*Asks:* 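Here it is, the structure, as structure tokens.
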Amino acid sequence: MTDAHANTLYLSFSPVCLPYAEVATYNLATSTQQSKPTLRLGLAQDLLSLHPTLVVPAGPLTTDKVKLVGKSSITRFFARAFKNGSSLYDEKPALQYEADKWFDAVRAGKGEAEAAKVADAIKAAASSAGDKFLLQNGAVTVADLLAWDAVRTQCAGSKDNKGVASWISAVEAVPGVKGAVELVDAANAKVHQLDVFRYEIIKQVSALTGASGDAIYPLLEEPRDAANGDLSLPLPRLKLPGNPVQIAKDLATNFKTNTLITKAASAGPFLNFSINREILRDRLLPSVLIQESNYGRNASGFGNLAIVEFSSPNIAKPFHAGHLRSTIIGNFIKNVLESAGWATVSINYLGDWGKQYGLLAVGFEQYGSDEELERDPIRHLFDVYVNINRDAEAKPEIHDQARDYFKRMEDGETDALGLWQKFRNLSIVKYKDIYARLNVSFDIYSGESQYSLNQMRNVLEELNDLSLLKPDAGALIVDLKQHKLGTAIIGKTNGSMLYLSRDIAAAIDRQNYYKFDEMFYVVGSQQDHHFRQLFKILELMGKPWSEHCHHINFGMVKSKDGNMSTRKGTVVFLQDILDNVKGEMHEVMKKNENKYAQIEDPEMVSDLVGISAIVVQDMAARRVKDYELDWNRMLSFEGDSGPYLQFAHSRLCSIERKAGFEVSPSVDYSLLTERQAHDLVDIISRWPDVVRDVTTTLEPCNVVSYSLKLSHAVSSALDVLWVMGQERPLAEARLALYRAARITLGNALRSIGLKPLERM
Ligand SMILES: NC(=[NH2+])NCCC[C@H](N)C(=O)O
């Protein structure tokens with residue numbers, strides 16, 4: 001595929017994750033295309049799953065030799081990496097050096113050992129650069145470098161087994177696809193299997209209508225009614241000239257069915273297809289078993305970086321239900337973006353600054369205890385805060401003291417800052433414990449305190465220079481009435497800054513530092529207005545990236561006062577609600593004495609089942625919906641609950657445990673003929689679609705309803721398709737089916753932040 005005579009290789013990947021690559025050679029000197037693009041089935045997906053492809057032209061790798069066309073994420077990744085030649089690693093020569101060496105080693109075919117050595121050096125250089133390195137110059141992230149390493153590892157594990165160099169030469173030796181059949185086989189195992197059928201449809205529909213594959217692909221969805229087949233194309237959305245109903249009819253007549261697509265029929269403006277379920281079954285199951293935890297992932301976001309800001313509680317104030325929702329929804333968003341190949345930075349933006357921290361400090365002199373603070377900082381600081389607030393109602397001079405104290409903090413006085421720093425640090429330690437229980441962690445603990453008066457002044461100056469800032473009754477405002485967003489108060493004329501101005505400074509700082517592609521703020525709908533103002537102001541300031549900032553909002557958990565409540569009353573601390581649910585779960589578990597006796601660590605299991613109950617209940621409906629905690633429904637092991645999902649997973653694990661044999665590679669999938677088996681295969685095959693869809697909708701309820709559907713299908717299958725007591729070949733085929741279901745359900749549960757249980 002490379003041309004030794006100064007021609008360079010151009011690769012154009014399909015913009016959607018289809019199992020093919022278009023490969024063409026171009027003449028470098030004249031920029032003309034030398035060969036027609038040829039389609040290679042299986043290849044692109046392999047490249048996609050291997051992450052950055054290595055494009056290896058003859059001679060030294062220089063930017064003008066590597067040109068990429070097309071819009072896929074990999075193309076974008078390379079386009080970006082090679083955009084400005086040397087600017088790729090400007091700031092980190094060591095890294096550039098190591099990376100180049102790696103390319104060299106690979107090109108020179110030095111094989112795996114050499115590549116491994118250099119890859120390790122890259123890793124070391126990357127990690128010593130620390131997170132500062134993330135997206136320097138908007139080029140390459142540490143994650144990218146680690147992905148390069150993954151290329152090597154994956155190649156080492158492939159059938160070919162001689163490392164990157166031989167993988168590349170194997171591909172290069174492909175005239176047509178001959179000679180790389182094995183490679184293509186291996187690639188095919190990682191293809192999204194439904195896409196194989198989609199591609200077959202696209203080929204014909206595209207030829208018959210002239211519509212592009214990119215336009216058709218995203219429209220090919222599961223029909224609402226299973227009686228209508230397996231994939232459905234809504235013609236109105238394809239926007240072809242003519243009457244969609246007639247077009248659907250004509251297409252149904254002209255579509256040539258084949259081994260993959262067994263039927264094409266029109267139903268009004270829809271064109272419905274039935275696929276060969278045997279082929280799907282035979283391709284899908286081994287593919288899921290090979291991919292395990294990677295099953296469902298895709299590389300559509302590769303090369304992009306997202307900031308996900310979530311949780312963001314306020315020190316010394318209640319961690320309310322809104323913070324809990326933000327925590328679990330934000331964690332979900334981070335997970336799904338990562339499973340679509342994004343690099344993410346998760347930020348916890350603490351409410352840790354403002355006059356109230358002066359008040360807290362004054363209160364601490366009165367009510368504080370170092371011992372209590374060490375023991376349970378979150379609870380203790382809250383108590384202190386409540387006490388001093390009460391006192392201040394009677395004695396307003398306390399507020400003056402608080403203001404003075406905060407002034408000293410803002411002036412950077414070591415004493416004043418020291419105490420605050422201690423509150424903050426201890427609170428973070430405690431938060432980390434609780435987050436760990438929820439399977440959540442953050443790359444960065446930031447907060448309102450991180451934005452200095454200096455940075456704010458810069459923001460003010462910038463706004464002022466753009467004539468956006470106006471004084472208004474003691475405040476500095478930006479008038480957004482023209483945009484139907486009222487008046488945004490940026491600060492006070494006395495120099496103190498507000499929530500909004502800190503957010504402006506924080507957004508600018510994050511863009512400068514990370515060069516994020518997208519930023520997601522996971523915060524309740526009460527702050528809709530705040531974020532609209534924030535994004536509008538950034539836009540007015542001429543920040544083109546403001547359109548890549550998104551407020552991911554959600555509704556309220558309804559209870560008397562907006563606080564979290566347990567069956568017995570209101571609580572203010574997250575820890576209390578977790579402990580409470582755990583206790584209730586433990587009681588439920590104890591009722592089944594036999595089973596209970598087999599659980600090794602009931603404390604841990606009841607905690608995880610309890611958390612599943614909370615998370616699934618929270619994610620059961622679309623984010624923006626308010627909901628009321630329903631304790632009975634939440635804790636039930638039946639019905640659509642978290643415990644039910646965990647129960648389905650642990651049942652599948654128990655089947656594997658009890659079977660006492662392994663699935664052999666020669667397992668005969670054709671023994672799986674029953675409707676329940678096909679239904680299960682069908683649902684399992686849709687998981688990659690779900691992942692792809694939630695990357696744009698960011699709606700965890702889609703994963704929850706998928707998991708429930710899968711669990712129901714599992715339970716119907718378990719009723720009739722037994723493993724125990726069957727002849728070995730049949731037992732093995734069924735076991736393979738259940739393992740594929742277990743892998744898929746496990747991946748789905750992990751994406752919503754749960755640890756799938758093996759026993760409960
Ligand atoms: N960048 C932001 N404003 N994030 C949201 C912060 C949430 C805030 N600490 C609160 O509890 O309401």
Side-chain angles (χ1 to χ4, degrees), residues 306-331 333-334 344-357 360 378 381-382 385 420 423-424 427-428 430-431 434-435 440 442-452 455-456 459 478 485 488-491 497-514 516 518-538 541 543 545-546 548-557 561-564 572-574 623 698:
I307 291 184
V308 188
E309 186 216 276
F310 60 102
S311 198
S312 310
N314 306 316
I315 289 174
K317 298 226 190 117
F319 188 110
H320 55 66
H323 296 123
L324 176 59
R325 293 208 78 185
S326 171
T327 307
I328 60 188
I329 296 172
N331 188 43
I333 290 174
K334 174 182 139 151
T344 65
V345 175
S346 52
I347 299 183
N348 194 334
Y349 181 74
L350 298 169
D352 60 357
W353 203 242
K355 200 206 97 192
Q356 68 267 32
Y357 295 96
L360 187 66
I378 295 179
L381 290 176
F382 178 71
Y385 190 65
W420 164 84
F423 293 165
R424 185 178 192 271
S427 299
I428 290 177
K430 183 75 187 176
Y431 280 132
I434 305 173
Y435 288 131
V440 168
F442 291 90
D443 296 319
I444 287 160
Y445 281 82
S446 168
E448 297 180 38
S449 65
Q450 305 302 296
Y451 298 94
S452 65
Q455 272 162 296
M456 302 289 195
V459 169
V478 175
L485 288 172
I489 306 175
I490 301 293
M497 291 297 135
L498 300 167
Y499 186 53
L500 181 59
S501 38
R502 291 183 205 290
D503 260 330
I504 299 173
I508 294 174
D509 186 58
R510 289 174 192 175
Q511 176 55 223
N512 288 342
Y513 190 80
Y514 295 111
F516 59 80
E518 304 291 335
M519 175 153 67
F520 302 95
Y521 295 88
V522 189
V523 186
S525 307
Q526 295 97 319
Q527 298 197 22
D528 282 358
H529 189 65
H530 167 78
F531 284 103
R532 279 196 206 114
Q533 289 194 332
L534 170 64
F535 301 158
K536 180 53 80 181
I537 292 171
L538 292 171
M541 290 173 88
K543 313 285 181 203
W545 45 266
S546 66
H548 298 286
C549 296
H550 315 273
H551 176 206
I552 307 300
N553 59 0
F554 51 82
M556 294 205 300
V557 184
D561 45 11
N563 282 324
M564 290 178 284
V572 282
F573 302 110
L574 174 60
R623 286 188 330 252
L698 304 180

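Remember, it's 1-based here, ligands and their atoms both numbered in the order they're listed. This one's a predicted model, so the numbers in the text were calculated from it and none came from an experiment.
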*Asks:* Which residues satisfy the side-chain hydrogen bond (donor to acceptor under 3.5 Å, both in side chains) test with Gln511, sequence neighbours excluded?
*Replies:* none
*Asks:* For the residue pair Phe554 and Gly524, what are the closest heavy atoms and their distance?
*Replies:* CZ-N, 3.3 Å
*Asks:* Can you give me the closest heavy-atom contact between Asp528 and His551, atom names plus distance?
*Replies:*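 The answer is OD1-CE1, 3.0 Å.
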*Asks:* Looking at His323, which atoms of ligand 1 are within less than 4.0 Å of one of its heavy atoms?
*Replies:* 10 (C), 11 (O)
*Asks:* Identify whether NZ of Lys or CZ of Arg in Arg510 sits under 6.0 Å from the centre of the six-membered ring of Tyr349 and within 45° of that ring's axis.
*Replies:*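 The answer is yes; both the distance and angle limits are met.
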*Asks:* To which of Leu500, Asp503, Asn314, Ile347 does the heavy atom nearest atom 2 (C) of ligand 1 belong?
*Replies:* Asp503
*Asks:* Does the residue His320 have a heavy-atom contact with ligand 1, meaning some pair of atoms that are separated by less than 4.0 Å?
*Replies:*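 It does not; every heavy atom stays at 4.0 Å or beyond.
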*Asks:* Should you measure from each heavy atom of Phe531, which atoms of ligand 1 turn up under 4.0 Å away?
*Replies:*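 Answer, ordered by atom number: 2 (C), 3 (N).
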*Asks:* Holding to ring pair (Phe, Tyr, Trp, His ring centres under 6.0 Å), I want the full list of residues that pass it with His530, two or more places apart in sequence or in another chain.
*Replies:*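 If we apply the ring pair (Phe, Tyr, Trp, His ring centres under 6.0 Å) test to His530, skipping adjacent residues, the hits are Tyr499.
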*Asks:* Considering non-hydrogen atoms of the protein only, which is the closest contact for atom 12 (O) of ligand 1, and what is the distance?
*Replies:* Gln527 NE2, 3.0 Å
*Asks:* Counting heavy atoms only, which of Phe319, Tyr521, Tyr499, Phe310 comes nearest to atom 6 (C) of ligand 1?
*Replies:*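 The nearest heavy atom belongs to Tyr499.
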*Asks:* Using side-chain hydrogen bond (donor to acceptor under 3.5 Å, both in side chains), reason through Tyr435 and Asn348 one step at a time and then give a plain yes or no.
*Replies:* CA-CA 11 Å; Tyr435 288 131; Asn348 194 334; 3.0 Å; yes
*Asks:* Answer yes or no: does an N/O atom from Glu309 fall short of 3.5 Å to an N/O atom of ligand 1?
*Replies:*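 Yes, Glu309 has an N/O under 3.5 Å of an N/O on ligand 1.
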*Asks:* Give the numbers and elements of all ligand 1 atoms closer than 4.0 Å to a heavy atom of Val523.
*Replies:* 4 (N), 5 (C)
